[in-house]
Amino acid sequence: MIMMNPRSVARPFTCLQCLSLVRKRAPLAPRSIASPSPSLRLPKSVRAASYHSTRTLQQSSTTSPEQHQPLLVTPPRTTTAPRPTIDIKHIRNNAELYAQNCRDRNYPAAAAYPARIVELFAKWHDKQREARGLRRRANMLRRHITDPEATRDDADADTNEEAARLRSLSREQLLEEAREVKAKLSVIQEVEDQLTTEIDALALALPNLTHEAAPRGEEPRVLSYINDHPEPEPALSDRVWRSHVHIGSELGLLDFAGAAKATGWGWYYLLDEAAQLEQALVSYALKTATLAGWRQVSPPSMVYSHITAACGFQPRDANGETQIYHVAQSDEDAARGKPSRCLAGTAEIPLAGMKADTILDEGSLPLKRVAVSRCYRAEAGSRGLETKGLYRVHEFTKVEMFAWTAPNAEAAEDLFDEMVDLQTEMLGSLGLHCRVLEMPTADLGASSSRKCDIEAYFPSRRELRNEGWGEVTSASICTDYQTRRLATRIPVAGKQVFPWTINGTALAVPRVLAAILENGWDEDDMSVKIPEVLRPWMDGRDKIGPKRRV
């Protein structure tokens with residue numbers, strides 16, 4: 001295993017051709033780290049006490065064709081950034097496992113990287129052997145220049161032969177040969193640095209290993225349903241459904257036109273009861289999570305770009321369009337090497353960064369945190385009829401759960417199930433019809449080993465996309481992918497290992513609010529039913545009805 005050189009990711013990773021031109025870096029030699037790469041295994045039997053367990057597994061679906069996905073671009077690393085530690089030895093010893101994992105997850109370009117890492121390491125090892133020979137020769141030259149008689153009685157025959165040769169040379173010839181050896185060592189060192197720089201960049205670009213529970217391919221596996229379908233046979237129903245955009249306009253709850261003039265398309269104003277509903281959803285989610293033992297955090301909305309990259313968020317999509325809002329940086333700050341910043345797409349990022357370059361107490365695990373934050377997504381190239389209104393926006397409020405656990409599957413899956421249980425409880429109590437999905441490899445982000453999504457039924461989307469299903473929550477196990485890149489550690493038996501991280505949405509406000517408007521709509525009296533659990537924060541009202549417009 002190789003400890004990552006702090007300067008080995010000092011420039012953005014672009015391509016292998018560009019990497020071959022990288023200038024000289026500081027020396028780097030492979031050395032062991034404490035934690036071996038964890039093995040991923042199927043979970044134990046279901047716990048009877050849980051609302052829903054993700055541990056009920058079925059057969060995997062078929063593998064989908066590969067599609068291009070971009071590499072994880074590593075921003076310039078500053079001296080204050082955490083030092084990543086990637087288990088390169090595990091990659092070398094399991095190159096085909098990592099290559100197949102890339103193919104399963106639609107990273108076809110990255111599938112070549114494990115073999116390339118093996119090839120580069122072999123070259124690095126050859127250079128190490130060549131350098132050792134030159135260092136022995138340099139040491140002998142140094143000793144002979146200082147004291148020619150020091151090498152006379154060496155037992156090794158080859159050494160005696162070399163010593164005899166050196167004694168035949170003048171002092172000027174010895175000094176010249178020493179300079180030549182030093183120059184050769186310098187060239188070898190530069191080549192070694194280039195090799196380790198490329199190895200590090202390739203290793204950082206690999207996605208996390210995939211859990212066995214994730215279906216291979218593109219099709220998710222349905223694990224369970226929440227609540228009954230409001231209209232299982234639409235042909236026999238006379239119920240009138242409206243989109244949340246229509247309902248919001250009818251009741252004066254949403255203003256997209258004003259936001260377009262003030263900020264642009266993809267932003268929105270929530271008015272009156274809709275604004276109150278946002279706060280009600282946040283309060284309800286925080287109360288539910290807090291009662292379950294999750295400590296509240298109010299995180300920053302802006303983070304260093306290297307923290308975002310370490311969490312596995314790709315700054316560009318397949319078309320090269322940015323998905324992250326980067327904060328402008330002055331030329332002076334950039335020249336001084338100050339780290340750049342970006343707006344967080346989810347509270348997961350600042351929560352993970354909160355323990356960057358930190359040693360945690362093993363006895364304190366699991367650490368469970370819940371945070372409400374504004375989230376920012378560029379969502380480039382994502383506009384369409386099925387994403388209109390509140391479904392896909394650039395800024396929104398979300399309540400997020402995040403946790404650090406002991407570095408083993410059992411501890412992580414226990415907490416993962418707890419997250420999904422909380423999500424199930426909250427969405428079920430809101431009266432929404434949902435389905436819980438085990439997500440396939442093609443849908444996993446770089447950091448996720450396993451992911452479960454919950455999709456709610458949106459009547460307005462039934463004819464447009466996916467029979468009306470739309471994602472409202474997600475939960476992921478990231479193993480030690482993030483903690484290795486953020487240098488979050490725990491001491492175990494005198495060694496430092498990496499805890500695992502789990503994250504999950506408690507409530508993403510705009511989509512849940514849209515689902516409440518659509519599923520709670522009553523065409524007869526032009527009103528929306530307010531879920532009972534939200535009424536304490538809605539002044540006790542049970543519905544939102546028409547009002548005089550201003």
*According to the interplanar angle, ranging from 0 to 90°, do the rings of Trp404 and Phe402 count as parallel (below 30°), tilted (30 to 60°) or perpendicular (above 60°)?*
perpendicular

*Do we see a donor-acceptor contact under 3.5 Å between the side chains of Gln482 and Arg485?*
no

*Would you name the heavy atoms of Pro510 and Val393 that are closest together and state the gap between them?*
CG-CG2, 4.4 Å

*asked:* Any non-hydrogen side-chain atom of His326 less than 4.5 Å from a side-chain atom of Ser305?
replied: yes

_Could you measure the distance from the CD1 atom of Ile349 to the CE atom of Met302? Nearest 0.5 Å is fine._
13.0 Å

*Indicate yes or no: at least one non-hydrogen side-chain atom of Tyr98 is less than 4.5 angstrom from one of Leu209.*
yes

*Partner of Glu471 under side-chain contact (heavy atoms from CB on, under 4.5 Å), chosen from Asp453, Leu437, Thr505*: Asp453

_Student check: side-chain heavy atoms of Leu195 and Val191 closer than 4.5 Å_ = yes

*At their closest point, which heavy atom of Ala213 faces which heavy atom of Arg450, and how far apart are they?*
CB-NE, 3.8 Å

*SG of Cys434 to CG of Leu427: how many Å apart, nearest 0.5 Å?*
4.5 Å

*Applying side chain to side chain donor-acceptor pair (under 3.5 Å), name anything that partners Thr397, two or more places apart in sequence or on another chain.*
Glu278, Arg374

*Quick one: ring pair (Phe, Tyr, Trp, His ring centres under 6.0 Å) partners of Trp294, sequence neighbours excluded?*
none

*Which heavy atom in Ser474 sits nearest to a heavy atom in Ser476, and how many Å separate them?*
OG-OG, 4.3 Å

*Kindly determine whether Met401 and Gln423 satisfy side-chain contact (heavy atoms from CB on, under 4.5 Å), including the steps that lead there.*
CA-CA 10 Å; Met401 296 178 287; Gln423 293 171 336; 4.2 Å; yes

_Just to verify, what does Gln279 make a side chain to side chain contact (heavy atoms under 4.5 Å, CB included) with, not counting sequence neighbours?_
none

*Using atom types as modelled and distance alone, determine if a side-chain donor or acceptor of Thr405 lies under 3.5 Å from a backbone N or O of Ala411.*
no

_Residues that Tyr376 engages under ring pair (Phe, Tyr, Trp, His ring centres under 6.0 Å), provided they are two or more places apart_ = none

*Partners of Arg435 by side chain to side chain donor-acceptor pair (under 3.5 Å), sequence neighbours excluded?*
Glu455

*Within a strict 4.5 Å, meaning less than it, do heavy atoms of the Leu185 and Val181 side chains meet?*
yes

*Residue pair Ser429 / Tyr284, side-chain donor-acceptor N/O under 3.5 Å*: yes

_side-chain contact (heavy atoms from CB on, under 4.5 Å) for Ile88 and Asp200? Distances and angles first, verdict last._
CA-CA 8 Å; Ile88 294 178; Asp200 292 345; 3.6 Å; yes

*Output, in order, the C-alpha distance, side-chain angles, deciding distance and verdict of side-chain contact (heavy atoms from CB on, under 4.5 Å) for Asp480 and Asp87.*
CA-CA 10 Å; Asp480 60 0; Asp87 193 348; over 6 Å; no

_Residue pairs involving residues 342-359 (criterion salt bridge (charged side-chain N to carboxylate O under 4.0 Å, His left out); sequence neighbours excluded)_ = Asp357-Arg489

_Under a 3.5 Å threshold, yes or no: a donor from one side chain and an acceptor from the other, between Ser447 and Asn208?_
no

*asked:* If we ignore hydrogens and angles and just use 3.5 Å, is the side chain of Arg484 paired with the main-chain N or O of Thr85 as donor and acceptor?
replied: yes

_With rounding to the nearest 0.5 angstrom, report the CD1 to CZ distance, Ile188 to Arg129._
11.5 Å

*Considering non-hydrogen atoms only, spot the tightest contact between Pro300 and Pro350 and give its length.*
O-CG, 3.5 Å

*Heavy-atom distance under 4.5 Å between the side chains of Ile199 and Ile117, does that happen here?*
yes

*In terms of side-chain geometry, is the basic nitrogen of Asp126 or Lys123 positioned less than 4.0 Å from the acidic oxygen of its partner?*
no

_Nearest heavy-atom neighbours spanning Glu362 and Pro491_ = OE1-O, 3.7 Å

*Should Arg116 and Glu198 count as an ion pair when the cut-off is N to O under 4.0 Å?*
yes

*asked:* Quick check: do Cys342 and Val303 have side-chain heavy atoms less than 4.5 Å from each other?
replied: yes

*Do Glu96 and Arg103 sit within salt-bridge range, that is, some charged N less than 4.0 Å from a carboxylate O?*
yes

_Ion pair Lys338/Glu332, N-O distance below 4.0 Å_ = no

_Atom pair CD1 (Ile490) and OG (Ser364), whose distance is rounded to the nearest 0.5 Å_ = 8.5 Å

*Does a side-chain heavy-atom distance below 4.5 Å link Lys127 with Gln189?*
no

*asked:* With rounding to the nearest 0.5 angstrom, report the CZ to CG distance, Arg295 to Leu367.
replied: 8.0 Å

*Do Leu202 and Leu120 have side-chain heavy atoms sitting under 4.5 Å apart?*
yes

*asked:* Any donor-acceptor pair under 3.5 Å linking the side-chain atoms of Thr290 with those of Gln296?
replied: yes

*Count the heavy atoms of every other residue, nucleotide or ligand shown that sit under 6.0 Å from CZ of Arg341, and state whether that count exceeds 12.*
no

*May I ask you to decide if the ring planes of His394 and Tyr325 are parallel, tilted or perpendicular, using 30° and 60° as cut-offs?*
perpendicular

*Would you say the side-chain atoms of Thr441 pair up with the backbone N or O of Gly217, donor to acceptor, closer than 3.5 Å?*
yes

_Where Cys452 and Leu223 come nearest, the two heavy atoms and their spacing_ = SG-CD1, 3.9 Å

*Check the pair Asp333, Ser340 against side-chain contact (heavy atoms from CB on, under 4.5 Å), reporting the backbone distance first and the verdict last.*
CA-CA 9 Å; Asp333 285 348; Ser340 62; over 6 Å; no

*Give, for atom CD of Glu418 and atom CG of Asp421, the distance between the pair rounded to the nearest 0.5 Å.*
7.5 Å

